[in-house]
Amino acid sequence: MNKAESPLQLPVSVLNGAGKETEMSLASIGVLTVGDLMEFVPARYDDTRLKSPSDAAHDEKVTIEGTIQTEPSVMYYGKKKSRLTFKMLSGSHVINVTFFNQPYLKKKAGIGDTVTVTGKWDRHRLALSGQVLEVGQYKRETDFEAVYLLRNAIPLKLFRKLVLQAIELYGLYIEETLPADLLQKYRLMERKEAIRALHFPESQEEMKQARRRFVYEEFFYFQLKMQALRKVIREQSGGIVQKYDLAKLKKLIDSLPFELTNAQKKAVNEICADMKSPYRMNRLLQGDVGSGKTAVATLALYASVTAGYQGALMVPTEILAEQHAKSLHDMLESFGIHTALLTGTVKGKKRRALLEALASGEIDILIGTHALIQDDVLFHNLGLVITDEQHRFGVNQRRVLRAKGKNPDVLFMTATPIPRTLAITVFGEMDVSIINEMPAGRKAIETYWAKEEMLGRVLDFTEKELSKGRQAYVICPLIEESEKLDFQNALDVHAQLSSYYDGKFTVGLMHGRLSGDEKEAVMKSFSANELNILVSTTVVEVGVNVPNATVMIIYDAERFGLSQLHQLRGRVGRGSEQSYCMLIADPKSETGKERMTAMTETNDGFVLSEKDLELRGPGDFFGRKQSGLPEFKMADMVHDYRALETAREDAKTFIGSPSFWTGDEYHLLRAMLTESGVLSDEKLD
């Protein structure tokens, strides 16, 4: 049956009790059809089973049965406000019951009556703040009642009535969308049964099984789209086969002044396999701060050059571009590779000469900022495009760079360790390589958590480091004073430290209100050791390499997420000297204390990113609401991550199987892919 012809697509007005006004109210919460009504997910369930006061948890919503011991009395106060109270005996407990603004209940029951009260239980005061009062022996059709987020659009009782009616009249038209082998493999409820159990569970176990089915379904649908998209991207990419010179690549690896870690070797192998394949590479390389991503990128670019192509590396800032250009030049010059740097400051004759050399193929590898994507930048034969800190560039900027060649291979790099759970969700259509090992001999940064009253000791310690010729970063969360937020700010701290170290050390200041050129100038002064201390907001976060900096002080550290703290800590520890990170924090919440403790216990960004995800949830993981995250009705990427990984593997198997594209039993899933725009109709023929 075509979805458009299904009775589930009928408007809610076909149900008794769903008049014009109700129909409009339901539309305001996104419920237009009978199917929408059935798929409206409960936010939670009220446990309506009778509880004994001794078994009820403090602050829990409970239902308790008992006998009224004192005459219910009503006290009026304020405008139209009242409080009804009585004592109730339940087992051996005498309970104080209160109902607010329901004076009419006084006429409903009296001394000696058996009643059931549903409300919030205060275990310490043996008190029940009542919401519902029922007289007589307890009678309830179900032990669990679904509660929905209706935003006051429609009364809960009416909504439940309409859902029940929809299931009774149209439930038989619910089609099964999951393949039979998956239902069997995971012992999942059938869709029809799961929808009924979702809204009207007969037991806690049935409720769990219904949820389990829909969590898997949501993840499976999502991953099916991701894997199909990946297949389409690969098949339509018409990539280039880069026949690189393996012997030359091995020679470069042997010439490196360090041994590649196993994680680096694995990443290089994965990237090279992509370059050799007929499909265009679409890979994310994520590695912790200092894990050696630049070395991997250099090897990939060199491999492309040995195959007869040019490479491009685009980074977000000029100072970062200069750093990368220097390290690539140092590694590749003796191998006859011509590298060049293009930024906004390269102008006039020098720029014209560079662009001519690029267009003729004389330049093998071009490193630069978004200056790389300007119209007059033409490559002779671009084979590999790498963007560093790829989230800093817009989709269009990345697309323009790709268009500089004929389907070049594309590698994205990021120093933000993204938890596996998020990586396979947000970057589901990409391949992901991970460098989760640190180069040998690198000293772990010692991290300490200090309360505000210990600031003097922190500054004295910093003075000792500065006296050895080292440098320090001081990070603050805000630029200037705010009446609402009593947090340290960059302007104040700069003034305080200038006064504290008066005449001994130079203190620089950097914040978001400086222009791009001003930021570059401050950063260059710090890199050249003309400034001993750099006071900054988080604009210093990504990629800057100052090996002489050994101290990182972070004021009000509880204001930052774990991943951000770890990124900031990674600005030090880049030289051979021991480095230190001081977290100045007085967190009031348990979460804040957990963050500080986690930072002092591990230097592993991937461990911290998982912890951050657990503490903050996926929406806030990047320090702001991340628009790239999919919205799931029931599934939770953090708590249900095993189901997410299982669904991903299953989706990969299905998309890779020829029978998925032809078998009748999969027609609904193929139709779903077409409807979502992942596939075109022709793909199904």
Side-chain angles (χ1 to χ4, degrees), residues 445-514 518-541 544-560 564-575 577-588 592 595-596 599-600:
I445 300 162
E446 290 180 20
T447 303
Y448 301 97
W449 167 20
K451 300 280 177 74
E452 279 173 33
E453 60 266 25
M454 296 163 72
L455 181 60
R457 284 168 63 184
V458 170
L459 295 180
D460 289 346
F461 173 83
T462 304
E463 186 167 347
K464 283 178 190 164
E465 281 293 297
L466 295 172
S467 302
K468 295 176 192 170
R470 316 265 187 264
Q471 288 166 280
Y473 289 100
V474 179
I475 305 295
C476 315
L478 291 178
I479 296 172
E480 57 193 28
E481 194 126 22
S482 155
E483 286 175 24
K484 292 180 184 172
L485 301 170
D486 182 28
F487 299 120
Q488 295 294 340
N489 59 76
L491 299 176
D492 275 0
V493 171
H494 178 260
Q496 286 163 9
L497 294 183
S498 298
S499 163
Y500 189 88
Y501 294 124
D502 187 27
K504 292 183 190 172
F505 305 111
T506 51
V507 186
L509 173 66
M510 187 157 81
H511 54 72
R513 292 191 189 168
L514 296 179
E518 287 170 327
K519 283 180 199 163
E520 292 280 345
V522 174
M523 210 56 235
K524 278 181 179 166
S525 296
F526 189 61
S527 297
N529 203 359
E530 292 161 9
L531 296 171
N532 307 116
I533 301 166
L534 180 61
V535 175
S536 173
T537 52
T538 55
V539 289
V540 79
E541 194 178 327
V544 180
N545 193 20
V546 182
N548 192 46
T550 59
V551 179
M552 166 63 72
I553 300 171
I554 304 174
Y555 277 76
D556 299 303
E558 71 273 21
R559 292 280 298 153
F560 301 100
Q564 205 176 15
L565 287 173
H566 180 64
Q567 285 288 304
L568 291 166
R569 171 168 64 183
R571 299 299 108 230
V572 295
R574 291 172 165 253
E577 303 300 328
Q578 179 62 55
S579 289
Y580 307 89
C581 177
M582 315 288 184
L583 306 170
I584 313 291
D586 249 325
K588 303 290 180 274
R595 270 194 212 136
M596 296 308 109
M599 281 293 292
T600 60

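Not one N or O on the side chain of R559 forms a donor-acceptor pair closer than 3.5 Å with the backbone of Y555. Panel note: side chain R571, backbone V551; no donor-acceptor pair is recorded below 3.5 Å. The backbone N or O of D492 sits less than 3.5 Å from a side-chain atom of N489, completing a donor-acceptor pair. The backbone N or O of T600 sits nowhere less than 3.5 Å from a side-chain atom of T447 that would complete a donor-acceptor pair. The closest donor-acceptor contact from the side chain of H494 to the backbone of V507 lies under 3.5 Å. The closest donor-acceptor contact from the side chain of N532 to the backbone of T506 lies under 3.5 Å.
Residues L514 and K519 share a closest heavy-atom pair of O-CE, 3.5 Å. Across A585 and W449, no two heavy atoms sit closer than the pair O-NE1, 3.0 Å. Listed here is the closest heavy atom pair of V522 and L531: O-CD1, 3.9 Å. In terms of heavy atoms, A450 sits closest to V458 at CB-CG2, 4.1 Å. In plain terms, the two heavy atoms of Y473 and A549 that are nearest each other are CE1-CB, 3.7 Å. Across every non-hydrogen atom of C581 and I445, the tightest pair is N-CG2, 3.9 Å.
Q471 and N548 form a side-chain donor-acceptor contact under 3.5 Å, judged by distance and modelled atom types alone. Side-chain atoms of T550 and E577 form no donor-acceptor pair, as typed in the model, at a separation below 3.5 Å. If you check the side chains of E446 and Y448, you find a donor sitting under 3.5 Å from an acceptor.
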CA sep, side-chain torsions, deciding dist, call: I553, I475, side-chain contact (heavy atoms from CB on, under 4.5 Å): CA-CA 6 Å; I553 300 171; I475 305 295; over 6 Å; no
E463 and K504: CA distance, side-chain angles, deciding distance, salt bridge (Lys or Arg N to Asp or Glu O under 4.0 Å) verdict: CA-CA 9 Å; E463 186 167 347; K504 292 183 190 172; 2.7 Å; yes
Please report the C-alpha distance between C476 and V535 in whole Å, then the side-chain angles of each, then the deciding distance to 0.1 Å, and finally whether the side-chain contact (heavy atoms from CB on, under 4.5 Å) criterion is met. CA-CA 8 Å; C476 315; V535 175; 4.1 Å; yes
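L583 is not listed as a side-chain neighbour of R569, based on a closest heavy-atom distance of 4.5 Å or more.
Taking CE of M596 as the reference point, atom CD1 of I584 lies at 11.0 Å (rounded to 0.5 Å). Atoms CD and CG, on E452 and D586 in that order, are 5.0 Å from each other to the nearest 0.5 Å. Note that CG of L455 is 8.5 Å distant from OG1 of T462, once rounded to the nearest 0.5 Å.
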